[in-house]
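Chain letters run A, B, ... following the sequence lines, proteins first and then strands; every chain starts at 1.
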Amino acid sequence: MAAIEREKDGHLLGPGEDIKYTTCYMCACRCGIKITMKDDQIRYIQGNPDHPTNKGVICAKGSSGVMKQFSPARISKPLLRKKNAERGEADFEEISWEEAMDILVKRLKHIRETDPKKLAFYTGRDQMQALTSYWAKQFGTPNFAAHGGFCSVNMATGMIYSLGGTCWEFGGTDFERTKYMLLFGVAEDHDSNPLKLGISKLRDQGGKLVVINPVRSGYGAVADEWLPVKPGTDGALILAMVQVLLKNGLYDREFLISHTNAAYLVQMDEGDENEGMFHLIPEYEMEDIQQTVWDTKTKSIKEARTKGVEPALVGTFTSPEGKTLKTGMQMLIERVMEQYTPEKAEKICGISAEQIERIALEIGITARDETISLPIPWTDAWGNEHKTTTGNPVSLHAMRGVAAHSNGFQTVRALSVLMMLLGIVDRPGGFRFKPPYPRPIPPCPKPINSASKIKPNTPLPNPELGFPSMPEHLMVDDDGKPLRIDKAFSWEFPFTAHGMMQNVITNAYKGDPYHIDTLFIFMANMAWNSTMNTSGIIEMLKAKDDNGEHKIPFLVVSDAFFSEQVAYADLVLPDTTYLERHDVISLLDRPICEYDRVADAIRYPILKPKGECRPFQQTLIDLANRLGMQGFCDDEGTPFYNTYEEFVTNWEPAPGAGVGFLAGWRGKDGTDHIVGEPNKHQWDAYKRNQSFFGVELEDTIKYNRNINQGYLNWAMGTKFKRDNEAIVMHFYSEPMQRFRLAAKGLRKGRKPATEEQAKRILTYFDPLPFWYEPIEQQQVDAKKYPFHAITQRPMPHYHSWDSQNAWLRQIMGQNFLYMNPLGAEKAGVKDMDWVWVESPTGKIRVQVKLSNAVQHDTVWTWNGMGKIPGAWNLAEDVDEAKKSFLLNHLITEEIAHGHGQKISNSDPISGQAAWFDLRVSITKATEEGNWPVFKPIKPPKHMDKRPDILRYEFMRDKKK
Amino acid sequence: MDTRLALVIDQNKCVGCHACATNCKAWNTAGAAGPLTDRDPYGKAPRGVWFNRVQTYEVGQYPNTEVHYLPKSCMHCKDAPCVKVCPTSATYKRKEDGIVLVDYDQCIGCKYCSWACPYGCREYDDYDGVMKKCTLCIDRIYNEKLPADERKPACVLACPTKARTFGDINDPQSEASVKILEGLGFKLLPEVGTSPSNHYLPKRKVKIRIDEDEILARKHVIVVTEKSSSYAEVIAEDIAVP
Amino acid sequence: MHPEMALVLLTVFAGAGQGIFILLFILDAIFSLQGIIPQGFILTSGIISLALQAIGVIASTTHLGNPHRGWRAMLMVKNSWLSREVITLSMSAGCTALYILMYWKGMDSSLKFAMGMLGVLGSIGFYISSSMVYASVRFVKEWSTTLTPINFTVFGITSGIACGLAVLANSDVNPDIILGVSEILLALTGISLLLKLLTYRYNARSYLSVSEKNAIGVNNPSIKLMDMGTSYAHYNTTEYYHPYTDEQNKSMQVTVLFLTFVIPATIAAIITSNFAPAISGILSIILAVSMLIGMLFERRLFFIQGNNIQNLYYGNFRHSAAGNPIVSAARKGTPVSVK
Ligand SMILES: Nc1nc2c(c(=O)[nH]1)N[C@H]1C(S)=C(S)[C@@H](COP(=O)(O)OP(=O)(O)OC[C@H]3O[C@@H](n4cnc5c(=O)[nH]c(N)nc54)[C@H](O)[C@@H]3O)O[C@H]1N2
Ligand SMILES: Nc1nc2c(c(=O)[nH]1)N[C@H]1C(S)=C(S)[C@@H](COP(=O)(O)OP(=O)(O)OC[C@H]3O[C@@H](n4cnc5c(=O)[nH]c(N)nc54)[C@H](O)[C@@H]3O)O[C@H]1N2
Ligand code: SF4
Ligand code: SF4
Ligand code: SF4
Ligand code: SF4
Ligand code: SF4
Ligand SMILES: [Mo]
C-alpha cells in the first residue's frame, strides 16, 4: 500500500499558504500536481514528486495551468442560439441553467421515449468514459463514442488483438532495463511525461534510441539515429526487419512457443469452412486450449500446451485425415522471405536496405545476447515452474505515425509480430503491461449486435462499444446495415473498438444510415480541428432541409471555452475546468497504473467554479435523474445519487459487486482495495493521499502476465478478468480469418451484405500482417499531388485548446508548413514564401519554412494552431487567425468505394481516421496571409474582457 | 573555493518541450522576482518577460540533420559584463554563490546591462521599467519553507527529461560538476571571456558494432527445404551454419 | 542595434551644445578683453548650447524605465561609463549655465574662467564617457574601437563649431573671426569625414571572430535557427535588431555623407574663399542645420551598424559588412577579438 504522506509540516508554510495535491488535466496524461495556494488563489503548480505517473516533473502545459483559470476565453453561462442567428455566428442568448435543462430534458425525453438512437452522444479528449458510456447505455442509445476512433484506435486494436493490451495508459517500455528502443511515429504521445522520463533514463543508461519518423523533432532530436521514413510505409519497413530477423535466426523461439500461437497448426486446405482456422483435436469443441502443435519428438500432432510436447515452430505437416497444416510461423516466413526483402522495402519506405538490415541485426542480436535474468520465480498457466524471469532488452513504441493511416492496423500487427519474434512482451527490458491489461484477446465486452436491443425507455443490454471476434458480434441489423450512426462495427469497419467519431457529422447530415435528432458533444472541437474536411463539415452543420430545418436538428455542446465548436452549437453548457471539479481517473477507463502497480486518481475542486460553470458530470447525473433513467433512479424515478461525488462512491456495476469507479479505500472502514463495499469517506481518503491510490503487485506476478498463473488468478480475484485462462498472443489472428471466411461465403452465420464489403474484408482481413499502400493514396494521382502532408503535436499546446493560454500562445502562435529544401526547389518555393497547398478536397494558403529535418517528399505542420477570428476570445487579428492554419481543410473524410459510392477515410479494419494519408501539391502564392478566411465571431457578453496587460502577481507591485 | 551555483543542461536529453520555460514563468511571476509582465496577452503581438527561452536549431544537411534545442537563461557569468556596466549597481553579483541579480528598486531601466550581455539573457520589463532576469530561483534554493529536495530552481524540478541539473560547479563533488566532467560540458561563446557558470552537455551518440561472428552465432536458423517455398527450422548445436 | 531616438538626440545635441560652449568659451577667453566678441553672440550661443544640452538631458531620461530615480545613475562612477556620462553631462550643462549667468551678470572674474574650464572639461569628459558607453560594449565590434571616442569628440566639437559659426555669422562680429572659425570648421569637417571613412573601412574590414558554432556549441558549418523560443518578437529580438534593409542603410549613408560633410564643407569653403556677409549669415545657418540633421542620421546609423553578438542567438547577426558603399569587400580582413 502506498499511502504516501509527504509531511505538510516539512513545508512550514507562509501566511495564507496551503498545499493541495490533485491531478493535472492540461492534457490527458494524468500527472500528479502539487499546488501551492496563497490566499485561496494558485501561487504555483509543480509536479507531484510522489506521483507514480510523472514523479515530480511537469510539462509546459501543466506548468501553465494558472493561465487556464485566468483565460478570458472561459464561458460561464448557458447559451442558447438566438432564433434568427445562423449556426457559426455565435450569436447567443444567455440563459439560466434551469431554462437550459428544461430545453434539453424535453428534447431528450422525447427521443428516449420514441427512438433512443436519435441521440448521438460523442465526447472528445475527456477522461470520463466510464461515466459517459454508462450514461449512454442507460439512455439506450448505441450512438456513443469518445475520441478514440479519430485518435489512435489502430494502436489500441492492433495490439489488443495481438498481444492483449496496448501502450500509453495500458503499457509501455521497461525503461529501467531496456537497451535499445525503436520509436515509430511519436511526437508527443498520451504518455507525455512518462515517455520523457523514460527516454531520459535510456540516455543515462547508454541505451540506443532509433526514431522512425518522416520528421526529426522532439524525441527525434535526442535519437542516435533518425530514419526519415515515407509516411504510410512503416509496415514494409517492419516486415523487412522481420525478414532479416527470420533469415538470421534472430527470434526468441521459446517465447514464441510459450507465449504465442505461432506454433499452432493452421488448416491450409482451401474452400473448406475451416480454411485458415486452427486445427483442433476433434474431441474438444471449446476454444483456446485445444489447438494443436506438431510434436517434434513423436513426430505427430499433439494437443498444444501438453507437458512433454516439443512443438515445431516451423513446418508444413499433414494430419491423419490428410489435411495440410502449417504453423503461423511457417506462413509468416513464406510471406516475408521473398516479398519483404530490405531491398524491396527500400523502394517503398525510402530507408536504405543496408540501414534496415543493420538495425534489424542490432535489435536481433541485442535481444538474443543481452538477455536479462531476474531471480524471480513464477509458474505458467500450464503449471510449468520457472526459476527465473528472463527478458530481452529491446523495446518498441509507436503511436499515431503508424496509427493514423488506413493501413495502420496491419502495420501495428506487424509491429506486434516483431515484438513477439523478439520475445519482448511483458518481460524485463521490453514492453510491459499495466493492469488491468493484459486482457483476453480480444477482450470480452461485445457491442450490442441486433436492432431489437435498442428499445424506447430501456437501457442497452450490452455496451455501445466492444471487441468483436466474429461477424455475429457486429452491430448491424438483419440486412447487414449498420446500427450506429458512425457505422462502427459494421462490415465496413468491423473492429471499431473506439467508435468512429469522425463520421458522425457527415453521416448525420446525409441521414446515412439514418437521421438523428440531437448531437450532444462534450469536450471536442468537431467543428474545427478534430474533423476532416473542416470547411465541408462546417457547411454540413449549417445545412438545412427544404423545410428550413437543420439537417442535424439540435446540437448541444459542453465546453469550458469559447471554442469554434461552441460557435456552431444550439445549446451550450458551460463546464468547469480541471481545478474546479471532481473527476476520477478510473480503472474502468484510463487509470494511472504502472507496470507493477494498480493505481487510480481523482481530482477535486481547488478553486470555486467560475461564474455559473457546472461540472459536466453533475449535468449528466442531473439529466439522468430528470429523465428517470434506470441505473440512476429506482422504478419510481427517485434518484439514487444526487451528486457526481455520491455516484462515484456508491455506484457498482451490479449490486454488491464490490468494484466501482475508484479502487482505493473501499469497504466500510476504508481498508479494502480494488474490491470492497462502497465507502462514504473514499474521496477524503484520496484527498489525504495526494489524490491518488496505488498498490504494488507481488514480484512473481509482475511479468509474463499473459501466461502467468499467479497473475491470472489474481486478476480473476480483482475482477480484472472473468476467468483465469491464459492469454496466448495472437501471432496468427484467427478472429480475422473468421471474417474472411464469412466474406468468402465459407462460413455459416452472418455474411457481408454487399460484394464491395466482401471484397474489402478479403483484401484487408489478413490474419498475418502485410503492407498495402494507404487507401486514399491508391486513389490519388501522386504526380499531381507529389507531397505527403502530415501534422505533429506541439509539446506546448494541447490540440486546439491552449491558444487561450497567455503563456503557451506566446511560445507558439503561428504554424508554418515545414518543407525540405529538396522538395521546395522542385516546387519553386523559397524560405518563408506563402504557398497554396492543394489536395483533391480543397486548398489553403500557408507560409513555408524550409527544414532539413523532414523527409524530402513530405511536408508537415503543427496540429490545431489555426483559429476562427474572435474564437477563444482572442483579438480578431491575431496570428492564430491570420497566419496559422489547419491542415484539416485538405483532408477528406470520405474516399471512393466501389461504384460512385463513398466510404469513410479510415482504416478498413479498425475504423481509425486516416489523417496522415493526405497527399498535396504546392505552388507559390502571390498573396500573403492564410486562406480560407472565416468571418469573425464575437464572444458572448458575459465573458471577461481581454486584458491589455497581464501581471500574475502575488508580490504586490511595489513601485506603481 | 567560493560557491558558484549554476545550471548544467544536457542537450543529449533535451527534447525542447518548453517546460523549463513555462514553469520558470509560473514560479517567478508569482514570486520575489515577479510579476513578469505580459503585454497584449490575447492580441496580435503578445510580448512577455521570460527568464528562460528554448530555441530550436537545425544543424547539418539532410538527411544527416541534427535538431538542437537550446534552453537559455542567464549564465551567471563569473566575469559578468552586465555587472560592470550598470551605472546604479542595481545589477550585482553575489559573492557567496555567484548569482547575478538585479535589485529592482535601484534599477533605472537604462538597459545598458542588456547591451553588454552577449547571450541575450536579460529581459526588460517595460511596465515596471526595470531589467529582469533569471535569479537562479534564489527564492527557492535557500527557502527553508520548502522541503529540502525541492530547494532547486523551478526549471530543474519541472524538466521532464531531467536534462537540467543545478549545483555548485566549484565543488568537484557536486552532481553538476560531475556531469560537466563526465559529459564533456561546454560553455556558450567561451571566446568572449565572460566565463559563464551555466554549462551545456553535448549530444553523445550511442553506436553499436556488430561483428560477423555475432551474426553467425545462431541458436537456430530457418533453412529452405526442397522447393524454395518450403522452410524448416534447424536448432542449436546441429547447425552447420549456412 | 535598434536605433533609439532618445540616445541619438542625447549624444548629438548634447555634443553639439558642448561644442558650442567650447567655442564660445575659447572666443570669450581670447577676444572678450578686446571687446571683439559681441555680448549678443555669447548669450545667444550660450543659450543655444544650454538648450541643446537640455534637449539631450531630457531625451536621455525618456530613455529610462524609471526616470524618477535616474539620479542613481551617478552612483557607479568608479565602474560605469554610463555613470560618468551622466556626471560629465551634468557638469557641462551646469557649468554652461553658470558661465552664461556670470557672463550676463558681468562677473568677469577668474571664477567665471574656472567655471568655463570646468564646462570644457565636462564637455570633453562627456564626449569620452558617452562614447565609451558604446566603445566599451565589447560585443558590438562597430562600437568597441578607439575610433568611437575620437569620432564622438571630433563630431561634437565640429557640430558645435558649426552652430557657433551660424550665430557668429549672424552677429555683428569681425569677419576675420568668422573666416577663421569657418576655416577651422572646414578643417574639422575634413577630419570628421576622414574619421567616418576610416570607421566604415574598419567596419567593413574587420569582423568579430565569433560564430553560431560557438554560440550554440556545435561544430558544423550549417546551422539554422528554426525557432527563437516564442513566436513573437520580444525584448532581446528587438533591442539589438534594426529592421532596415541594406539598401535603406546605404541611402542613409549617402544622406549622412551629404548632410554632414559635403554640404557643410562646401558652404564652409564658400564662406572662406568668398566671404560675403550678406549671404554668409543664411549660408552658415544652412550649414549648421544640415550638419546637425546629418549627425542625427549619422548617429542613428551608428546604432544601426552596431551588430551585437547576441544577435547570433536570434538569427539577426550580420556576418558581413554588406551595405557599406565605401568598402564592399565583405568578410575579408582582420578578425577582432572580443576579449
Ligand atoms: N490534422 C489533424 N487533425 C487531428 C489530429 C492530427 O493529428 N492531425 N489529431 C486528432 C486526434 S488524435 C484527436 S484526439 C483530436 C482531438 O480533438 P478534440 O477532441 O476536438 O480536442 P480539442 O481540440 O482539444 O477540443 C476539445 C474541446 O474541449 C474543450 N475543453 C477543454 N477543457 C474542457 C473541459 O474541462 N470541459 C469541457 N467540457 N470542455 C473542455 C476545448 O475548449 C475544446 O473545444 O484531434 C484530431 N485532429
Ligand atoms: N502536447 C501535446 N500532447 C499531446 C497531445 C497534444 O495535442 N499536445 N495530444 C494527445 C493525443 S489526443 C494524442 S492521440 C497523442 C498523440 O501522440 P503522437 O502519436 O505523438 O501524435 P502526433 O503528434 O500526431 O504524432 C505523429 C508522429 O508521427 C509522425 N508520422 C506521420 N506519419 C508517419 C508515418 O507514416 N510513419 C512514421 N513512422 N511516423 C509518421 C509524425 O511526424 C509525428 O511525429 O498525443 C497526446 N499528447
Ligand atoms: S503531461 Fe499532461 S497531465 Fe502531465 S503535466 Fe503535462 S499537461 Fe499535465
Ligand atoms: S537597466 Fe538597471 S540593471 Fe541594467 S544597467 Fe541600467 S540600472 Fe543597471
Ligand atoms: S549571461 Fe548576461 S546577464 Fe547573465 S551574468 Fe552573463 S552577462 Fe550578465
Ligand atoms: S533558475 Fe529559476 S529563474 Fe532561472 S531559468 Fe530556472 S526557473 Fe527560471
Ligand atoms: S524542460 Fe528540459 S527537456 Fe524541456 S526544453 Fe527544458 S531542458 Fe529541454
Ligand atoms: Mo488523440
Side-chain angles (χ1 to χ4, degrees), chain A residues 10-12 14 43-46 57-60 63-64 66 72 193 196-197 199-200 203 206 208 216-219 221-222 224 228 246 248-249 253 313-316 330 333-334 361-362 365 795-796 806-807 810-811 820 851-853 874-875 877-878 946 948-955 959, chain B residues 12-19 21-23 25-27 29-32 34-35 37-44 46 48 58 60-63 65 67-69 127-128 144-147 149 154 157-163 205-206 208 210 214-215 218-222 229-233:
Chain A
H11 286 284
L12 298 169
R43 152 77 179 82
Y44 177 53
I45 301 179
Q46 67 187 103
V57 305
I58 191 166
C59 79
S63 300
S64 309
V66 185
N193 281 334
K196 293 187 182 76
L197 281 167
I199 287 176
S200 169
R203 302 310 290 151
K208 180 163 176 176
R216 181 167 213 177
S217 72
Y219 306 140
V222 300
D224 297 301
L246 291 175
N248 291 283
R253 188 167 195 285
L313 189 55
V314 181
T316 308
Q330 170 75 22
I333 293 166
E334 287 173 15
L361 288 173
E362 286 181 9
I365 289 172
M795 289 186 182
W807 296 346
Q810 285 184 62
I811 290 178
N820 190 303
S851 160
N852 272 302
L874 296 176
D877 59 351
V878 295
R946 287 189 298 276
D948 292 331
I949 292 179
L950 186 76
R951 284 162 63 80
Y952 190 72
E953 47 194 314
F954 278 91
M955 307 311 227
K959 190 195 66 174
Chain B
N12 199 38
K13 286 183 171 183
C14 175
V15 297
C17 72
H18 295 268
T22 58
N23 206 269
K25 179 108 174 160
W27 171 258
T29 196
T37 310
D38 296 297
R39 284 196 182 266
D40 202 18
Y42 305 100
K44 188 172 162 51
E58 273 180 21
Q61 293 297 327
Y62 177 80
T65 319
V67 175
H68 283 253
Y69 296 107
Y127 184 91
D128 289 333
E144 305 217 327
K145 287 184 199 165
L146 298 176
D149 56 350
L157 285 184
C159 177
T161 63
K162 304 213 180 259
K205 297 284 173 194
V206 176
I208 289 185
I210 302 253
E214 290 176 271
I215 301 176
R218 292 164 177 158
K219 289 184 179 167
H220 35 249
V221 70
I222 289 160
S229 64
S230 192
Y231 297 87
E233 195 191 25

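For B:C17, the parts lying under 4.5 angstrom from a heavy atom of chain A are both the backbone and the side chain. Interface residue A:D948: only backbone heavy atoms are found under 4.5 Å from chain B. In this structure, the portion of B:I210 lying under 4.5 Å from any heavy atom of chain A is its side chain and not its backbone. For B:A232, the part lying near chain A is the backbone, with the side chain staying farther off; criterion is any non-hydrogen pair under 4.5 Å.
In this structure, the salt bridge (charged side-chain N to carboxylate O under 4.0 Å, His left out) partners of B:R39, at least two apart in sequence or on a different chain, are B:D126. Under the rule for a salt bridge (charged side-chain N to carboxylate O under 4.0 Å, His left out), the partners of A:K208 that lie at least two apart in sequence or sit in another chain are A:E225, A:E362.
Remark: B:D40 CG to A:I949 CD1 distance equals 9.5 Å, nearest 0.5 Å.
Considering all non-hydrogen atoms of both residues, A:I45 and B:N23 come closest at O-ND2, 3.3 Å. Nearest heavy atom pair, residue A:Y44 against residue B:A154, reads OH-CB, 3.4 Å. Between A:V314 and B:I222 the shortest heavy-atom distance is CG2-CG1, 4.3 Å. The minimum heavy-atom distance linking B:P160 with A:C59 is given by the pair CG-CA, 4.2 Å. Nearest heavy-atom pair, A:A221 versus B:V67, reported as atom, atom and distance to 0.1 Å: CB-O, 3.4 Å. Listed here is the closest heavy atom pair of A:R43 and B:G31: NH2-CA, 3.4 Å.
The most heavy-atom pairs under 4.5 Å with chain B, out of A:S200, A:S64, A:P228, A:A806, come from A:S200. Counting heavy-atom pairs under 4.5 Å between each of A:N193, A:L874, A:I811, A:V66 and chain B puts A:I811 at the top. In terms of non-hydrogen atom pairs under 4.5 Å with chain B, the most contact-rich of A:L313, A:N248, A:L197 is A:N248. Chain A forms more heavy-atom pairs under 4.5 Å with one residue of B:K44, B:K205, B:E233 than with any other, namely B:E233. When the candidates B:P41, B:C14, B:A19, B:C159 are compared by the number of heavy-atom contacts under 4.5 Å with chain A, B:P41 comes out ahead. The greatest number of non-hydrogen atom pairs below 4.5 Å with chain A, out of B:G48, B:G60, B:A163, is found for B:G48.
You'll find the side chain of A:R951 reaches within 4.5 Å of the side chain of B:D128, heavy atoms only. In this structure, B:K13 and A:I199 have side chains that are not in contact, with every pair of non-hydrogen atoms separated by 4.5 Å or more. Counting only heavy atoms from C-beta outward, the side chains of B:Y231 and A:T316 never approach each other to under 4.5 Å. Counting heavy atoms from C-beta on, the side chains of A:S217 and B:Y69 come closer than 4.5 Å.
Between the side chain of A:S63 and the main chain of B:T22, no donor-acceptor pair closer than 3.5 Å is present. For the pair B:E214 (side chain) and A:I365 (backbone), a donor-acceptor distance under 3.5 Å is absent.
Using modelled atom types and a 3.5 Å distance limit, the side chains of B:T65 and A:N852 yield no donor-acceptor pair.
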